Number of protein chains: 2
Amino acid sequence: MRELGSTQPTAVELEILRILWEMEPCPVRDIHARLSEAKGTNYSTTVKMLSVMLNKGLVTRNEKATPHLYRAAITRHKAAKKFLGELVEKVYDGSVMSLVLQALSSGKVSKDEIDEVRKLLDEMEGKQ
Amino acid sequence: MRELGSTQPTAVELEILRILWEMEPCPVRDIHARLSEAKGTNYSTTVKMLSVMLNKGLVTRNEKATPHLYRAAITRHKAAKKFLGELVEKVYDGSVMSLVLQALSSGKVSKDEIDEVRKLLDEMEGKQ
DNA sequence: TTGCGGTAGCGAAGCCTTTCGCTATACTCG
DNA sequence: CGAGTATAGCGAAAGGCTTCGCTACCGCAA
């Protein structure tokens, strides 16, 4: 088994992680039910993907007690942070602000959400 | 040649696009100089990648006049927007705000930049 | 116990990305 | 021109991700 985090989850792997974040711990059966809904792939494929992900350290399970129940090895929060960092690095040349400005200007954002961001900005300024 | 944008650029493709965004139009030679600096790959590899990308519609060139000069087929801005949209969709479940909040709270951001975001927020509110 | 439906796993095939060896073309300088 | 160097291109190999067929296992009912 490789080091956790040595590789980024691929597209399908991310889909599986998202399912786990929502329903873990979770038997293959349930993961497959959700996955095949969107992709129509075979049950064997889901099993294999989980075995690959287990090998990569992307998911875990209790080998002794419940080897059929899978969990995500990283939290949604951590994964998000990692993806975000990579995006900033690779596309925005390390500028978090460029990303934030583009995200804000391109998205539909409610007044409440705008206020929430203001509050966060105030807090950040206070700490400086 | 496939439709532009039918596929996301892969890792190496993105590296090449970044080089082009900085120096286009650009002969293979120069692209390779930059690419091999970071990766140490063969000249043939760079040529092939460009031919693949040309085929995918990720880069362009003037076939008649200057077939040796390559350009990116999408602007940095558009590519960024696409990546961002995908990240929001896949990892933040479509919530732009979740992403913005996480980006702000995880990055080093200067006071000027904070003010810049405030200004943008004000503008957005004005339009609603 | 035996047969059966539901579950898990392995190895190999298929596809896409990335790499490079070999060939072809163009360019320069004696 | 003609040899040698720089540049471009193609096809095939290598490697990784995704898919599935076939096999193995487990628990339950006849």
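As the structure is a prediction and not an experimental result, all values here were calculated from the model. Quick note on labels: first sequence line is chain A, next is B, and so on, each numbered from 1.
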Minimum-distance pair of heavy atoms, taken over all atoms of M53(A) and E13(A)
CE-O, 3.4 Å

Check whether any side-chain N or O of [X] sits under 3.5 Å from a backbone N or O of [Y] as a donor-acceptor pair, and report yes or no.
X      : Y      : result
T75(B) : K78(B) : yes
E22(A) : I19(A) : no
T45(B) : T41(B) : no

Presence of [X] side-chain N/O under 4.0 Å of [N] phosphate oxygens OP1/OP2:
X      : N       : answer
R61(B) : dA8(D)  : no
Y43(A) : dT7(C)  : no
K56(B) : dC16(C) : no

State which of dG11(D), dG9(C), dT18(D) makes the closest approach to the side chain of E13(A).
dT18(D)

Between dT19(D), dT18(C), dA8(C), spot the one nearest the side chain of H68(A), thanks.
dA8(C)

Contacts to DNA chain C from residues 26-37 of chain A, heavy-atom cutoff under 4.0 Å, which residues?
V28(A), R29(A)

Atom [atom1] of [X] and atom [atom2] of [N]: how far apart are they, to the nearest Å?
X      : N       : atom1 : atom2 : answer
M53(B) : dT17(C) : CE    : P     : 12 Å
L14(A) : dC17(D) : CG    : P     : 14 Å
L50(A) : dC20(D) : CG    : P     : 15 Å
L54(A) : dA8(C)  : CG    : P     : 13 Å
N55(B) : dT18(C) : CG    : C1'   : 15 Å

N/O contacts under 3.5 Å, protein versus nucleotides 21-26 of chain C?
unit_1, atom_1, unit_2, atom_2, d
dG21(C), O6, S44(B), OG, 3.1

Trace of the salt bridge (charged side-chain N to carboxylate O under 4.0 Å, His left out) decision for R118(B) with E125(A):
CA-CA 12 Å; R118(B) 281 217 183 81; E125(A) 216 161 30; 2.9 Å; yes

M97(B) and Y92(B), any side-chain heavy atoms less than 4.5 Å apart:
no

Taking the side chain as every heavy atom from C-beta outward, state whether E15(A) and R34(A) have any atom pair closer than 4.5 Å.
no

ILVMFWY network linking V52(B) to Y70(B), side-chain heavy atoms under 4.5 angstrom
no

Picking from L50(A), T66(A), L69(A), L54(A), what satisfies side chain to side chain contact (heavy atoms under 4.5 Å, CB included) with R61(A)?
L54(A)

What I want to check is whether an N or O donor and acceptor connect the side chain of K48(A) with the base of dG11(C) at under 3.5 Å.
yes

Between T46(A) and S51(B), which residue's closest nucleotide on DNA chain D lies nearer the 5′ terminus?
S51(B)

